[in-house]
Each structure stands twice: as C-alpha cells, then as structure tokens.
A.B. asks: 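First the structure, then my questions, so here it is.
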Amino acid sequence: MSLMTFLERVADVDAMDKVIEPARKAVNAALRPQAFKDLLHGTWLGHALHPVLVQVPVGSWVSAGLLDAIPPLRPAATVLIGTGVAAAVPAALTGAADWSEQDTGVRRLGALHAVANTAALGLYVGSLVARGKGHGTLGRVLSYAGLGLATGSAAVGGHMSYAQSSGASHSATAARALTTDWIDLGPLDDLPEGRPALRTGKGSSVAVPLTAVRRGARVDVFISACSHLSGPLHEGTVESVRGSECLVCPWHGSAFDLDSGSPRRGPAANPQEKLEVRMEAGRVMARLPGRNR
Ligand code: FES
C-alpha cells in the first residue's frame with residue numbers, strides 16, 4: 001500500500017471522531033479569546049502562521065542530525081535540538097488552532113500529525129536529558145528516532161496541504177476559473193443596499209459565483225467561495241468587525257474587509273479575492289485585477 005493510499009484511508013476512519021471531537025472542543029475552549037486564536041491562525045498577517053513557524057524546529061532538528069554525525073560539532077547539535085524543542089511549542093499552538101477549524105478528513109489526518117509530532121518532541125526532550133547526563137550515544141539514538149518520526153509527520157502535513165487543500169486559499173482556486181474580461185453584473189439599482197447579493201461570473205468551463213455588496217453608489221465584488229473553506233459568502237452578512245465594514249462568512253464567521261478583502265477575523269488567514277469594479281450606463285461591471293496574469 002502506498003503512503004498516499006494509507007493516508008487517504010486514515011482520513012476515512014470515522015471511528016477516530018469519538019476522540020477527535022472532544023479534543024477539538026478542548027482546543028477551542030483553551031485558545032480563547034478569538035483575538036488570540038486569530039493571532040495563531042495568522043489572520044493579522046494575511047497568511048497562515050503555522051507553515052512559517054514550523055521552519056524553526058524542522059530546520060533546527062535536520063541541522064542537528066547533520067552536526068551529530070561530526071563528533072567535534074556535537075555540542076552545537078545539542079544547542080539546535082534545544083532550539084527546536086522550544087520552537088515546537090508555538091508551532092504546535094498554531095497547528096492546533098488551524099486544525100480545530102478544518103474539515104473532518106483533515107482533522108483525522110491532523111490528529112495523526114499531532115500525535116507523531118508530540119512523540120517526536122518527547123524523543124527530542126529525552127535526547128536533551130540523556131545528553132545532559134553524559135549519555136551521548138543514547139541522546140543521539142533518541143534524536144535520530146525523533147528526526148525520523150518528525151519527517152514522517154511532515155509528510156502527513158504535506159498531504160493535508162497539497163492533497164486536502166488545508167490552508168489553501170479556496171477563493172484563489174475559484175478565481176482561476178474566472179475570465180479576466182469585464183463581467184456585466186446587471187443594473188446597480190437591482191442590488192440590495194448593505195447586504196450580499198449573488199451574481200454569476202463567466203468561468204472558463206463553469207459559472208463562478210460572485211458576491212456583490214452595495215453601499216450607496218459603491219459596489220464591492222468578491223469571489224463568493226470563502227478563502228477558508230469555500231463557504232458561500234453571498235449567504236453571509238455585512239457587519240462592522242474590529243473597526244471595519246466586513247463581509248462575514250456564514251460557515252465559521254471569518255470576516256473580510258469590504259474595502260480590501262483582507263481578513264479581519266479568522267479562522268481565515270488568506271484574503272478574499274476581490275474584483276475591481278466600474279459603472280457603465282448604470283450597470284455594474286467587474287473583473288479580476290491583473291496581478292497573476
Ligand atoms: S468557510 Fe470557514 S469561515 Fe468561511
């Protein structure tokens with residue numbers, strides 16, 4: 001059985017949910033208030049924070065593995081292992097925050113990822129203790145075992161990102177199907193004031209749902225699939241969130257600044273794809289901006 005087949009089978013094991021759901025509730029209860037959780041998601045950064053922070057333990061531990069192979073450099077390896085252990089804590093917190101807001105299949109693989117990472121962390125802590133007591137050989141055995149486990153866990157995390165689109169911008173994916181030509185969204189007067197309305201954009205092979213919000217003579221138009229997990233923003237609301245007028249997703253409450261599309265409240269960390277708008281004889285015309293063409 002290939003690794004991919006194994007991971008896909010794990011993602012289908014619904015018996016795991018008996019353990020995962022209480023764990024998810026505990027994570028949500030622990031990571032309060034919402035502003036703290038948004039800090040961990042990376043909402044303030046406009047980019048998921050977890051893949052940024054994991055670079056430190058991964059880099060430290062891989063480098064320590066190389067230095068441990070060269071006897072005079074082993075003291076430096078111990079310093080790097082300690083650095084990785086310390087950096088693993090904030091990395092784990094960001095991962096837990098993202099994991100608690102994901103789809104069921106992602107949560108199951110995420111649980112496997114978390115257990116493997118926790119075990120790897122335990123091996124590295126054991127390695128530090130052994131090295132501190134002068135048991136260098138045992139310390140190296142434990143840290144190489146930790147490196148093997150952490151590498152396997154990284155493969156699981158990669159599968160979650162690349163095969164399950166965990167952390168990907170779902171609005172950017174939807175935007176790829178949209179034409180870059182101007183799209184006629186109909187008369188301005190047909191749009192309701194201050195609430196989202198569904199419009200349809202021309203896609204290369206499928207219709208692409210768009211969300212238009214009118215505020216007086218101004219109209220803001222977004223890809224309708226929420227950047228977090230494709231929630232229908234046209235079924236959302238317009239609310240003031242943290243001092244900005246926002247389009248709020250009906251699924252998990254992410255809020256996107258109407259002016260810029262930037263996330264103001266998580267769990268979304270990616271901005272919402274926004275179209276540029278012009279009026280033509282009382283009709284609303286919109287198109288994707290030219291970046292990425
Ligand atoms: S789909 Fe999760 S906040 Fe929109």
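Counting starts at 1 for both ligands and their atoms, following the listed order.
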A.B. asks: Give a yes or no answer on whether the side chain of Arg74 reaches the backbone of Asp68 with a donor-acceptor pair at less than 3.5 Å.
C.D. replies: yes
A.B. asks: Do Arg278's NZ or CZ and the ring of Trp182 fall within the cation-pi criteria of under 6.0 Å and 45°?
C.D. replies: yes
A.B. asks: Taking Asp220 first and then Arg214, would you say they form a salt bridge - that is, a charged N and a carboxylate O separated by under 4.0 Å?
C.D. replies: no
A.B. asks: Could you name all protein N, O or S atoms found under 2.8 Å from atom 2 (Fe) of ligand 1?
C.D. replies: His228 ND1, His252 ND1
A.B. asks: Just checking, is any N or O donor in the side chain of Ser153 or Asn117 under 3.5 Å from an acceptor N or O on the other one?
C.D. replies: yes
A.B. asks: Flag the pair His228 / His170 as yes when their ring centroid distance falls below 6.0 Å, and as no otherwise.
C.D. replies: no
A.B. asks: State whether the number of non-hydrogen atoms from other residues, nucleotides or ligands found under 6.0 Å of His47 atom NE2 is greater than 12.
C.D. replies: no
